[in-house]
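Reading through the structure tokens given below for one structure.
Lettering follows sequence order; numbering is per chain, from 1. Keep in mind that the numbers below use all heavy atoms, side chains included, and drop hydrogens, waters and symmetry copies. Model, not experiment: these values are computed from the prediction.
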Protein chains: 2
Amino acid sequence: MGHPTLEDVAARAGVSRALVSLVMRGSPKVAEPRRKAVLEAARELGYRPNMMARGLAAGRTGIVGVLLPDLHDPGCAAVHDGLADEAAHGDVRLLATTGRGRPARELAALNDLLDLRPDGVVLCGPRIAAADIERAAAGCPAAVVGRSLRSTRVDCVTGDDTAAVEQAIAHLAELGHRGMACLDVGARPSPLRGACEAAGLTVVTAPEELPRAATAVLALGDTTGTTALTALLRAGRRVPEDVSLIVHGTPPGAEAAQVTTIAPPPAELGRLAMAALLSRVKDGPSAKPQRLTVPPRLDIRTTTAPA
Amino acid sequence: MGHPTLEDVAARAGVSRALVSLVMRGSPKVAEPRRKAVLEAARELGYRPNMMARGLAAGRTGIVGVLLPDLHDPGCAAVHDGLADEAAHGDVRLLATTGRGRPARELAALNDLLDLRPDGVVLCGPRIAAADIERAAAGCPAAVVGRSLRSTRVDCVTGDDTAAVEQAIAHLAELGHRGMACLDVGARPSPLRGACEAAGLTVVTAPEELPRAATAVLALGDTTGTTALTALLRAGRRVPEDVSLIVHGTPPGAEAAQVTTIAPPPAELGRLAMAALLSRVKDGPSAKPQRLTVPPRLDIRTTTAPA
DNA sequence: ATGAAAGCGCTAACAT
DNA sequence: ATGTTAGCGCTTTCAT
């Protein structure tokens, strides 16, 4: 035989199925002796509720699906932490799928998630078409982190990129730097590149291309954050004596390597998104979508110093 | 109304429910005109199969649950890639949960996974008790990556740690290094530390503690990998001129930073684990457990040079 | 090749 | 406080 069912537990405890169901869901209206007996029987049999059956019968699954573009992105990991923290407040379990870098797979992963009939979905930095997101949101409460959609039903939580660039530049300017450059390694151009150019920064895509005159650099991108530091150091330029470095993003090891960073706190983004989603799940589709913008946080460590 | 059901599709296409079910699962024994009509109707209604109902009725869910200790671990991300690659060969969807660093939460996450009645589960570097793993494996095919269990039903795939240390030391020795040290930053001591000590390496837990005499260091741990490099560089020691560095693990940016690494290829671990699991799913619990050990791979980049 | 009918394990409304 | 019952949406024999 496979897994024991509610019925098995009921038989062993000498009660009805419904009573067991009540006990399993922690209903307060079951007499103590009965409850004890039921729990005991369940334990003895090694019973575990079947979420498939429960979800089907209840019309809600208690699942919140999380779509991640890629597990390698440390920013997404931090967002997920925030999601999980906040999810603890609701009666909800997080289940993650990933697109592994390809939009097509991301869409497939999202569809797999939706087939589970989750109570809601969170899309982290989705690369799929806006129309696909909108379609998903039509059938299931949805929140998006790190991308701003014009939508009537999706909650969006994003960092304030322009402010981030401005603050980074301001910090460097305050330290007396005049020659600043922006380093955007990474396969695709960072969404921040535009803001950097607008702010008058020279943008280069490799450390060697940095103008010698630059005494300060703003590096873009989570994954390439500490890479910029090592590249600089190995090129024989001392940091921060010769050149100051600010990284935009939340690279792993930034703290250990003591690099100054600026970024919207990713866990905060996650927390806000989950909070918005949970309230949307509670209030029904009526709730009007929230569009939250989180200010960046500047963590001054030891890679920035006076010019 | 909520989501359209099989019945809705059947009604619209003017056929029976069973026929639609066959079409949805791609059965070959449905006449072409009918099939077309059904698919058309499904598309028009925006039908999506309900996995809860399907899983309940079919007795299998097509889900493989993946338990990750922590999304921040780049090694686990790579393992997951391998799992996903191999999973594409089976008719299976990956769903991930995480313990976020705490064994208690990891166990909870595992239980949530098991409640879904997955066709199988993969545990990546689990920190929970062996008994808990064994219990899980009793009800559901299970594979473990990165930890070796003595079990009659769990497949285990691990890297060969001793060989890794040996090869790292051999590589350094070949380059003429005699003073070698091992750097094990990280909250908990690395499982490799023992092997390093056994090999006669001095183990220190902070870069400053490295003996000046050491001309080569073996750094342990995925997350702290490039950290070791920056710490060395910023301490004014040139790499590899003054000191050679090998990192054990798969730190993000290792390639970009050109650091020499040694590690079992994590994606390979994942691929093997999923392959083992899928064959176990097919063959039933009868299959005897596989215990696979993957040899390390040495990636010589630019942080190691002759003494 | 297609349809009819019996569940899968559970919840929820109702009855007692 | 506890039991009865009718589904939830689907798969799967078994007829036809």
Side-chain angles (χ1 to χ4, degrees), chain A residues 1-39 41-42 45-63 91 112 114-119 139-140, chain B residues 1-39 41-42 45-63 91 112 114-119 139-140:
Chain A
M1 212 205 59
H3 296 265
T5 73
L6 258 198
E7 184 114 36
D8 297 327
V9 177
R12 183 171 244 265
V15 299
S16 77
R17 246 172 37 203
L19 221 240
V20 180
S21 175
L22 287 178
V23 171
M24 292 321 279
R25 285 173 295 143
S27 162
K29 40 187 178 184
V30 178
E32 202 48 36
R34 296 272 193 172
R35 141 180 275 104
K36 274 249 163 69
V38 168
L39 289 175
L45 292 173
Y47 170 78
R48 29 183 1 120
N50 182 328
M51 293 311 287
M52 293 285 156
R54 192 201 286 253
L56 184 58
R60 64 177 294 274
T61 55
I63 291 173
D91 178 25
D112 287 347
L114 293 174
D115 288 349
L116 284 175
R117 299 290 189 273
D119 292 348
C140 166
Chain B
M1 213 205 59
H3 296 265
T5 73
L6 214 46
E7 182 114 37
D8 298 327
V9 178
R12 183 171 244 263
V15 299
S16 79
R17 247 171 39 200
L19 220 237
V20 180
S21 175
L22 285 178
V23 172
M24 293 319 281
R25 283 172 299 141
S27 163
K29 42 186 176 184
V30 178
E32 201 49 36
R34 295 271 195 171
R35 140 179 276 103
K36 275 249 163 68
V38 168
L39 288 176
L45 292 174
Y47 170 78
R48 34 183 356 119
N50 183 329
M51 293 311 286
M52 293 285 156
R54 191 201 287 253
L56 184 58
R60 62 177 295 274
T61 54
I63 291 174
D91 177 27
D112 287 347
L114 293 175
D115 288 349
L116 284 175
R117 297 293 188 273
D119 292 349
C140 165

Send over the distance from [X] [atom1] to [N] [atom2], rounded to a whole Å.
X	N	atom1	atom2	answer
B:Glu32	C:dT2	CD	P	11 Å
A:His3	C:dC8	NE2	P	15 Å
A:Met24	C:dG9	CE	P	15 Å
B:Arg25	D:dT12	CZ	C1'	8 Å
A:Arg117	D:dC8	CZ	C1'	12 Å
B:Arg35	C:dA1	CZ	P	11 Å
A:Asn50	C:dC8	CG	C1'	9 Å
A:Leu22	C:dG9	CG	P	20 Å

Of the options [options], whose atoms approach the side-chain atoms of [X] most closely?
X	options	result
A:Thr5	C:dA4, C:dG9, C:dA12	C:dG9
B:Leu6	D:dT12, D:dT2, D:dC10	D:dC10
A:Leu19	D:dG3, C:dG9, D:dT11	D:dG3

To the nearest 0.5 Å, atom CG of A:Asn50 lies from atom CG of B:Leu56 at 6.0 Å
Can you tell if the side chain of [X] reaches within under 4.5 Å of the side chain of [Y], non-hydrogen atoms only?
X	Y	value
B:Arg117	A:Arg48	yes
A:Leu22	A:Arg34	no
A:Leu116	A:Thr61	no

So, does A:Ser21 get its side chain near the phosphate of C:dC10, meaning an N or O under 4.0 Å from OP1 or OP2?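 So the side-chain polar atoms of A:Ser21 never come under 4.0 Å of the phosphate oxygens OP1 or OP2 of C:dC10.
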Short side-chain N/O contact from A:Ser16 to OP1 or OP2 of D:dG3, under 4.0 Å =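 Indeed, a polar side-chain atom of A:Ser16 lies that close.
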Practice problem: Give A:Ala31 one of three labels, base, sugar-phosphate or nothing, depending on what nucleic acid heavy atoms sit under 4.0 Å from its own. | Solution: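 Sugar-phosphate, no base atom in range.
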Which residues, if any, of residues 51-63 of chain B bring a heavy atom under 4.0 Å of DNA chain D?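 Here the set is B:Ala53, B:Arg54, B:Ala57, B:Ala58.
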For the base of D:dT12, is there a side-chain donor-acceptor partner from B:Arg17 under 3.5 Å away?
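Absent.
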On a heavy-atom basis, which atom in [X] and which in [Y] lie closest, and how many Å separate them?
X	Y	answer
A:Ala10	A:Arg17	CB-N, 3.8 Å
A:Ala37	A:Ala13	O-CB, 4.1 Å
B:Arg60	B:Asp119	NH2-OD2, 3.2 Å

